**Q** 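I'd like to ask some things about the structure below.
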Amino acid sequence: MKNFYITSPIYYVNDSPHIGHAYTNLACDVLARYKRLMGYNVKFLTGTDEHGQKIEKAALAKNIDPQKFTDEVSIRFRNLAQIMNISNDDFIRTSEDRHKKAVTAFWEKLKANNHIYLSKYCGWYSVRDEAFFQEAELIDGKAPTGAPVEWIEESSYFFNLSKWQDKLLEFYEQNPEFIYPQSRKNEIINFVKSGLTDLSISRTSFKWGIKVPGDEQHVIYVWLDALTNYISALGYPDLNSEDMKNFWPCDAHVVGKDITRFHAIYWPAFLMAADLPLPKQIIAHGWWTNEGQKISKSLGNVIDPLSLIEQYGLDQTRYFMMKEIMFGSDGNFSAESMVRRINSELANTIGNLAQRTLTMLQKFFEGKIPNIKKEELDKDLVKLLDVTIKNYHQEIDKLNFSGALEIVIELGFAANKFIDDKAPWNLAKTDMEELAKVIYVLLEANRVIAYLLQIFMPDSANKLLDQLLVEKRNFSDINHSLVAGTVLPAPQVIFPRYS
Ligand code: MSP
């Protein structure tokens, strides 16, 4: 069995989860489910990033001990994953012992390989981004993200990042698929070409973090700490652990575009320095705006995924998020578009097709799948089923999730039109043999749609497959047609209209 390791970023626990966190997790989930249905042995990791100045500040502001504070907030991320039907296999917290042990060992390895030295950091720091900036990078005295910066001067350990510039460029050259999408890749390459400076990897002005081994005045820089989660969850430093052997190097680190730099520059440099193989791909997605506006706490327009789910339904929300945004680009949340998609694409197209087909099966054949000759089925629709499956896989391979969904919806449109054209209610009076063929091929269209929607809307797709009494649900089973003579249960509405 082939292995596939996919990770989400680990989320800062300074605040409650919002649509951005939900989206990153959902994108990973869709890919993880796809690979599982393709027969891979998948490990999907998510978790929380709990150290650093930002979290310490948030805990202090609430007058709570940081560990207690992170315990409380981390649970909300874990719950969100569960509520959203995210199929993660593990959930890592950076305050866990397994992680601290791995980070300490990783540091010691970098040190032993002579890539760490002690000096002094003088420069700008953004607590919100947990990132260092050079004077030239500031825009109007702020970080490029708009976050405030503060001047810091402190004793610090450094990682010799500048030494890795050529090796990184060589690696990008040899692995053209390493950074997705292309636009992000160009950004990263330009940044590296413009020259890398050594990276400060420890802080002394606060305490909430993992201590530098042998120098307890220093805590390890939160990004070095956080990135290591991808291997601490596999049992690092034990290179012979089953998980390390099966799942490292990672197949896909899925991240938002804002944190590509940490994953595509720092992380590979750290890994090379620690003699570990590099991940195969960094997949960067775009950002959501809310009704056209940047999402921010100060604007008060943060979208709570839980209220979306409550208002519109879980699978409807999952569908909207994956359909609305062209993966890799930015996208906008609007209530109007959400309702339009739920009603026209889900209720009127997919839902209506299932309802019409299954109701006619009950009405004209008492629920029994008719016996037909396959070669006599409508050739165009049969061909469309094959083409749909083929194109869907192609789009998913390109990480074009919205494109894959569009292909499924188009099949729904075509099948509904087929019903209108054939007018089965008339055939029922004149030609039962033709009617049997029409209903059979429609059942097949529903079956294919249900298979293909599993990764996006697992509950709803499974309900449809249940109604069709389909047992085997892997993609390798998609060519097993429905069996004549089987009696299907009376249909139940799967995609209600939103009103
Ligand atoms: N803790 C770091 C990641 C460390 S990974 C080793 C971090 N955490 S975060 O909580 O700030 O962000 C987590 C993810 O949420 C990122 O992938 C980020 O891009 C995503 N989003 C945050 N706001 C977003 C939107 N408005 N839209 C889409 N995704 C956004 O960064």
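Order of listing sets the numbers, starting from 1, for every ligand and every atom in it. Basis for what follows: all heavy atoms, side chains included, without hydrogens, waters or symmetry-related copies. If you're wondering where the values come from, they're calculated on a predicted model, not measured in any experiment.
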**Q** I need the atoms of ligand 1 closer than 4.0 Å to a non-hydrogen atom of Asp49, numbered in the order shown.
**A**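 Every atom of ligand 1 under 4.0 Å from some heavy atom of Asp49: 1 (N), 2 (C), 4 (C).
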**Q** Check whether the ring centres of His18 and Trp288 lie less than 6.0 Å apart, and answer yes or no.
**A**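 So the answer is no for these two rings.
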**Q** Would a distance-only check, ignoring hydrogens and angles, find a side-chain to backbone donor-acceptor pair under 3.5 Å from Asp140 to Lys142?
**A** no
**Q** Among all protein heavy atoms, pick the one closest to atom 17 (O) of ligand 1 and tell me residue, atom and distance.
**A** Gly256 N, 2.8 Å
**Q** Look at atom CD of Glu310 and say whether more than 12 heavy atoms of other residues, nucleotides or ligands are closer to it than 6.0 Å.
**A**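 Not more than 12 within 6.0 Å, no.
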**Q** Please list, in number order, the atoms of ligand 1 under 4.0 Å from a heavy atom of His263.
**A**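 Once the distances to His263 are compared, the set is 5 (S), 6 (C).
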**Q** Could you please spell out the steps behind the side-chain hydrogen bond (donor to acceptor under 3.5 Å, both in side chains) verdict for His285 and Thr24?
**A** CA-CA 8 Å; His285 66 69; Thr24 308; 2.8 Å; yes
**Q** Could you tell me whether Trp287 and ligand 1 have an N or O pair separated by under 3.5 Å?
**A**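 Yes, Trp287 has an N/O under 3.5 Å of an N/O on ligand 1.
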**Q** How about Phe333 and Phe320: are their ring centres within less than 6.0 Å of each other?
**A**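 Yes, close enough.
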**Q** At what distance is the nearest protein heavy atom to atom 3 (C) of ligand 1, and which residue and atom is it?
**A** Ile10 O, 3.2 Å
**Q** Starting from atom 19 (O) of ligand 1, what is the nearest protein heavy atom, named by residue and atom, and what distance separates them?
**A**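 Checking every protein heavy atom, the shortest distance to atom 19 (O) of ligand 1 gives Asp258 OD1, 2.5 Å.
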**Q** Quick test: of every protein heavy atom, which one is nearest to atom 31 (O) of ligand 1, and how far off is it to 0.1 Å?
**A**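 Heavy-atom neighbour on the protein nearest atom 31 (O) of ligand 1: Ile259 CG2, 3.6 Å.
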**Q** Within 45 degrees of the ring normal and closer than 6.0 Å to the centroid, is that where the cationic atom of Arg261 sits relative to Phe191?
**A**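 So Arg261 does make the cation-pi contact.
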**Q** Nearest to atom 8 (N) of ligand 1 by heavy atom, Phe262, Tyr12, Trp288, Trp267: which?
**A** Tyr12
**Q** For atom 21 (N) of ligand 1, grab the closest protein heavy atom and report residue, atom and distance to one decimal in Å.
**A**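 The closest one turns out to be Gly20 CA, 3.8 Å.
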**Q** Between the main-chain N or O of Gln53 and the side-chain N or O of Glu130, is there a donor-acceptor pair closer than 3.5 Å?
**A**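 Answer holds: yes.
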**Q** Could you check whether any heavy atom of Ser8 sits closer than 4.0 Å to an atom of ligand 1, since that is the contact criterion I want to use?
**A** no
**Q** Within the 4.0 Å heavy-atom shell around Ala226, which atoms of ligand 1 are there?
**A** 6 (C)
**Q** Tell me whether the centres of the aromatic rings in Phe132 and Tyr125 are closer together than 6.0 Å.
**A**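 Ring-ring flag for Phe132/Tyr125: true, centres closer than 6.0 Å.
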**Q** Could you identify the single nearest non-hydrogen protein atom to atom 22 (C) of ligand 1 and state the distance to 0.1 Å?
**A** His18 CE1, 3.5 Å
**Q** Could you tell me which non-hydrogen atom of Lys54 sits nearest to which non-hydrogen atom of Arg128, and how far apart they are?
**A**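 Where Lys54 meets Arg128 most closely, the heavy atoms are NZ-O, 2.7 Å.
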**Q** Within a distance under 4.0 Å of any heavy atom of His285, pick out the atoms of ligand 1 and give their elements.
**A** 28 (C), 29 (N)
**Q** Is NZ or CZ of Arg76 both nearer than 6.0 Å to the six-membered ring centre of Tyr11 and within 45° of the ring axis?
**A** no
**Q** So which heavy atom in the protein is nearest atom 6 (C) of ligand 1, and how far is it from that ligand atom?
**A**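 In this structure, atom 6 (C) of ligand 1 has Tyr230 OH, 3.5 Å as its nearest protein heavy atom.
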**Q** Taking 4.0 angstrom as the limit and counting only heavy atoms of Gly286, give me the atoms of ligand 1 inside it, by number and element.
**A**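 Numbered from 1, ligand 1 contributes 28 (C).
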**Q** Should His393 and Tyr34 be marked as a side-chain hydrogen bond (donor to acceptor under 3.5 Å, both in side chains) after you check the CA-CA gap, both sets of side-chain angles, and the distance that decides it?
**A** CA-CA 10 Å; His393 287 299; Tyr34 180 76; 2.6 Å; yes
**Q** Trp223 heavy atoms, cut-off 4.0 Å: which ligand 1 atoms fall inside?
**A** 2 (C), 3 (C), 4 (C), 5 (S), 6 (C)
**Q** Could you check atom 20 (C) of ligand 1 against the protein and tell me its nearest heavy-atom contact, residue, atom and distance included?
**A**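 Result: Thr24 OG1, 3.8 Å.
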